[in-house]
Amino acid sequence: MPTTEVISNRKQEIIEKATALFQKQGYSATSMRDLASFIGMEAASLYSHIKSKEELLQIICFNMADKLFEPVKNIASENLSADEKLRKFVLSHVKVLTNDTASSAVFFSEWRHLSEPYLSDFLKMRDQYEGIFIKVLIEGNRTGIFKFLDAKFTVLALLSSINWLPSWYKKDGQLSPEEIAENVTDVFINGLKVRN
């Protein structure tokens, strides 16, 4: 996994421009020359800030993974019921995606272009993230809050429904991130809850 580094203002600008270009035309279709032109600098000058195009993809993907992972890990350790944890998980996930839709879109669509060992590291993080959700569903079933359903399938369905956000969310749209999260969790939690 890429190590955390202090990123210069110029490198941060390059990352942001690369994110926008990867979102617009895809990682594979973007060359270093395209990126240099988009930023307004010589292609050779890019290499004084980054090693490769893939380095940019690594930074985008792992930064997003960290932003998604950290709050959910903290919520998982709180003394809350399974349904309360699930609500907070979804709100956290939605807030991260809506805060940076460009990085989110690249994260979801371009991670497949990571090479080893970064691809394996990324997939391991994704499995661990989904595992936190799965554990809460199992806990909810064990404590009688949630009915028994295939936990992995349910988590994949839940996350898939949220992960389309970067393609349609607008900051000035009708729904706030909190309202989106509330709507999603209402649909899923009402479907999951045991009826008395």
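Values below: every heavy atom of this structure, side chains too, minus hydrogens, waters and symmetry copies. Keep in mind that this is a model prediction, so the values were computed, not measured.
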Next on the checklist: Before you tell me yes or no, could you show the steps for Ser104 and Leu165 under side-chain contact (heavy atoms from CB on, under 4.5 Å), namely the whole-Å CA-CA distance, both residues' side-chain angles and the distance that decides it to 0.1 Å?
Outcome noted: CA-CA 9 Å; Ser104 299; Leu165 268 172; over 6 Å; no
Taking a hydrophobic cluster as the set of Ile, Leu, Val, Met, Phe, Trp and Tyr residues connected by side-chain heavy atoms closer than 4.5 Å, whether directly or through intermediates, do [X] and [Y] fall within one such cluster?
X: Tyr129; Y: Leu91; value: no
X: Leu159; Y: Leu149; value: yes
X: Tyr47; Y: Ile39; value: yes
X: Leu80; Y: Val155; value: no
X: Phe148; Y: Ile138; value: no

Any ion pair linking [Y] and [X] (charged N to carboxylate O, less than 4.0 Å)?
X: Lys152; Y: Glu130; result: yes
X: Arg87; Y: Glu84; result: no
X: Glu70; Y: Lys73; result: yes

Side-chain heavy atoms of [X] within contact of [Y], under 4.5 Å:
X: His113; Y: Lys53; answer: no
X: Lys11; Y: Glu55; answer: yes
X: Leu56; Y: Thr19; answer: no
X: His49; Y: Gln12; answer: no
X: Gln23; Y: Glu110; answer: no
X: Asn141; Y: Lys147; answer: no
X: Leu175; Y: Asn183; answer: yes
X: Thr143; Y: Ser81; answer: no

Can you tell me how far apart [atom1] ([X]) and [atom2] ([Y]) are? Round to the nearest 0.5 Å.
X: Asp121; Y: Gln58; atom1: CG; atom2: CD; result: 9.5 Å
X: Arg10; Y: Ile14; atom1: CZ; atom2: CD1; result: 5.5 Å
X: Gln25; Y: Thr30; atom1: CD; atom2: OG1; result: 3.5 Å
X: Leu46; Y: Ser52; atom1: CG; atom2: OG; result: 11.0 Å
X: Ile134; Y: Leu158; atom1: CD1; atom2: CG; result: 11.0 Å
X: Met125; Y: Leu68; atom1: CE; atom2: CG; result: 9.0 Å

Item to check | Steps toward side-chain contact (heavy atoms from CB on, under 4.5 Å) verdict (Ile189, Leu86) | outcome: CA-CA 8 Å; Ile189 289 177; Leu86 188 59; 3.8 Å; yes
Donor-acceptor check, side chain of [X] to backbone of [Y], threshold 3.5 angstrom: yes or no?
X: Ser92; Y: Lys88; answer: no
X: Ser77; Y: Asn74; answer: yes
X: Glu54; Y: Ser115; answer: yes
X: Ser37; Y: Asp34; answer: no
X: Ser120; Y: Pro117; answer: no

Tell me whether [X] at atom [atom1] has more than 12 heavy atoms from other residues, nucleotides or ligands lying less than 6.0 Å away.
X: Asn9; atom1: CG; result: no
X: Lys171; atom1: NZ; result: yes
X: Glu116; atom1: CD; result: yes

Nearest non-hydrogen partners of [X] and [Y], listed with the distance:
X: Thr98; Y: Pro177; result: OG1-CG, 3.4 Å
X: Leu21; Y: Phe38; result: CD2-CB, 3.9 Å
X: Ser48; Y: Ser45; result: OG-O, 2.6 Å
X: Thr154; Y: Asp150; result: OG1-O, 2.8 Å

Checklist entry - Looking at Tyr27, Phe62, Phe122, which hits ring pair (Phe, Tyr, Trp, His ring centres under 6.0 Å) with Phe107? => result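 It is Phe122; the other options fail the test.
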Next on the checklist: Once you measure the plane-to-plane angle for Phe133 and Phe89, does it fall in the parallel (<30°), tilted (30-60°) or perpendicular (>60°) bin?
Outcome noted: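 Ring orientation of Phe133 relative to Phe89: tilted.
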Item to check | Evaluation steps, side-chain contact (heavy atoms from CB on, under 4.5 Å), between Asn63 and Ser103 | outcome: CA-CA 9 Å; Asn63 280 351; Ser103 293; over 6 Å; no
Checklist entry - For Leu123, which residues count as a side chain to side chain contact (heavy atoms under 4.5 Å, CB included) partner, sequence neighbours excluded? => result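 Once residues adjacent in sequence are excluded, the partners of Leu123 under the side chain to side chain contact (heavy atoms under 4.5 Å, CB included) criterion are Trp111, Leu119, Arg126.
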Checklist entry - When the aromatic ring centroids of Phe188 and Phe146 are compared, is their separation below 6.0 Å? => result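 No - the distance between ring centres of Phe188 and Phe146 does not fall below the 6.0 Å cut-off.
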Checklist entry - Please walk me through it: do Lys95 and Glu178 pass side-chain contact (heavy atoms from CB on, under 4.5 Å)? => result CA-CA 8 Å; Lys95 281 185 169 179; Glu178 292 78 10; 3.1 Å; yes
Item to check | side chain to side chain donor-acceptor pair (under 3.5 Å): pairs with one or both residues in residues 158-169, sequence neighbours excluded | outcome: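 Matches after skipping sequence neighbours: His93-Asn163.
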